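These notes are about the structure you will find just below.
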Amino acid sequence: MNKVNKGEYGYLKSYKLSKLLVVAILAIMIAAVVIGTLIMYGDTSRVIIIIAILLSLPLAKFIIAYLIVAKFDSLTFDQHAKISNNYKSKDGCLLFDITISRYEGVKFYHSMLVKNGKIYALVLSKDFKDKKKEYEKWIATSINGGKYKYNVSVFDSIDEYIKKINTVSEPNDNNKLIDRHIREEILSTGV
């Protein structure tokens, strides 16, 4: 399986699979130690059971990591192709499968463009109409806490999103550096 980097299409699926694989391996190891101890000694009161107990901590960590993103679904292949093929610029500013974490929780964005002082995001959610401002504020307070202020707009329609991201002008060299910094900050705030 190829490694998919943060911000690339398919990252969320790859992340889920990797966490699930580690969970399965750790669960099998714990079960093997417990069953082996029961078979060899007839009970679990031996020191060897400490191995199973110690393996429980990383198991819990990976289960939590998986559960955090389990409810989020990436764009379908056709939706991804529609956005990618209709985005005129091939500058690497377009991101996919973005999660932004804060103490209050995690928000998922199907796609995001950070370019020339603007952040446009796509969220395909049933309850988006009621939470549009919340999604915009989530990005603004998570990312714009620094010295750079970006205008944030969130869309729930792929067609509107494509139309808007194609209107963003090319940044100058200084803004390109700032945009890259903001993209890195976005990628570092999520899973």
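Nothing here was measured: the structure is a model prediction, and the numbers come from that model.
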**OP:** State whether the side chain of Asn151 and the backbone N or O of Lys118 hold a donor-acceptor pair below 3.5 Å, judged by distance alone.
**Re:** no
Indicate if Leu94 and Ile158 have the same hydrophobic cluster label, given that clusters are the connected sets of ILVMFWY residues with side-chain heavy-atom separations under 4.5 angstrom. yes
Between Lys82 and Asp159 (salt bridge meaning N to carboxylate O under 4.0 Å), is one present in this structure? yes
Heavy atoms of Ser169 and Lys115 approach each other most closely as O-CE, 3.9 Å
Which label fits Tyr120 and Phe155: parallel for a plane angle under 30°, tilted from 30 to 60°, or perpendicular past 60°?
tilted
Plane angle bin for His80 and Phe77 - parallel if under 30°, tilted between 30 and 60°, otherwise perpendicular = tilted
Sequence neighbours excluded, the answer for side chain to side chain contact (heavy atoms under 4.5 Å, CB included) partners of Thr167 is Lys164
Thr76 backbone acceptor or donor facing Gln79 side chain under 3.5 Å = yes
Open item on the list: Side-chain heavy atoms nearer than 4.5 Å, only ILVMFWY residues, links allowed to pass through others: does that put Ile63 and Val33 together?
Closed with: yes
For residues Leu122 and Leu75, determine if any side-chain heavy atom of one lies less than 4.5 Å from a side-chain heavy atom of the other. yes
Note to self: For Tyr135 and Tyr109, take the angle between the two ring planes, folded into 0 to 90°, and tell me which bin it lands in: parallel under 30, tilted 30 to 60, perpendicular over 60.
What the structure shows: perpendicular
Taking every heavy atom of Lys16 against every heavy atom of Ala70, the minimum-distance pair comes out as NZ-O, 3.4 Å
Nearest heavy-atom contact between Leu59 and Ala27 is CD1-N, 4.1 Å
Honestly curious: do Phe72 and Tyr66 fall in one hydrophobic cluster under the side-chain, below-4.5 Å linking rule? no
Value for CD1 (Ile178) from CD (Glu185), rounded to nearest 0.5 Å, stands at 12.0 Å
Smallest heavy-atom separation, Val123 atom then Phe108 atom, equals CG2-O, 3.9 Å
What one should report as the nearest heavy-atom pair of Lys6 and Ser188 is NZ-CA, 4.4 Å
Discussion item. Tell me whether Asn166 contacts the main-chain N or O of Asn86 through its side chain, where contact means a donor paired with an acceptor under 3.5 Å.
Written reply: yes
Residues Ala52 and Val34: closest non-hydrogen pair is CB-CG2, 3.9 Å
**Asked** Does the side chain of Tyr15 pick up a donor-acceptor pair with the side chain of Asp97 at under 3.5 Å?
**Response** no
With sequence neighbours left out, the residues meeting side chain to side chain contact (heavy atoms under 4.5 Å, CB included) with Glu8 are Val4, Asn5
Problem - Hydrophobic cluster membership, Val114 vs Ile165, 4.5 Å side-chain cutoff - result: no
If we only count heavy atoms from C-beta on, is the Leu95 to Leu113 side-chain gap below 4.5 Å?
-> no
*Hey, are Tyr9 and Ser74 close enough side-chain-wise for a donor-acceptor pair under 3.5 Å?*
no
Report task. Determine whether Val22 and Leu67 fall in the same hydrophobic cluster, where Ile, Leu, Val, Met, Phe, Trp and Tyr are linked whenever their side-chain heavy atoms lie under 4.5 Å apart. Result -> yes
Please determine whether a side-chain nitrogen of the Lys or Arg among Glu170 and Lys176 lies less than 4.0 Å from a carboxylate oxygen of the Asp or Glu.
no
| query | Does Lys137 come within less than 4.0 Å of Glu134, counting only side-chain N to carboxylate O? | reply | no
### Query
Taking the side chain as C-beta and beyond, is there a heavy-atom pair between Leu124 and Asp73 under 4.5 Å?
no
Between Thr141 and the options Arg102, Glu136, Glu104, the side chain to side chain donor-acceptor pair (under 3.5 Å) test singles out Arg102
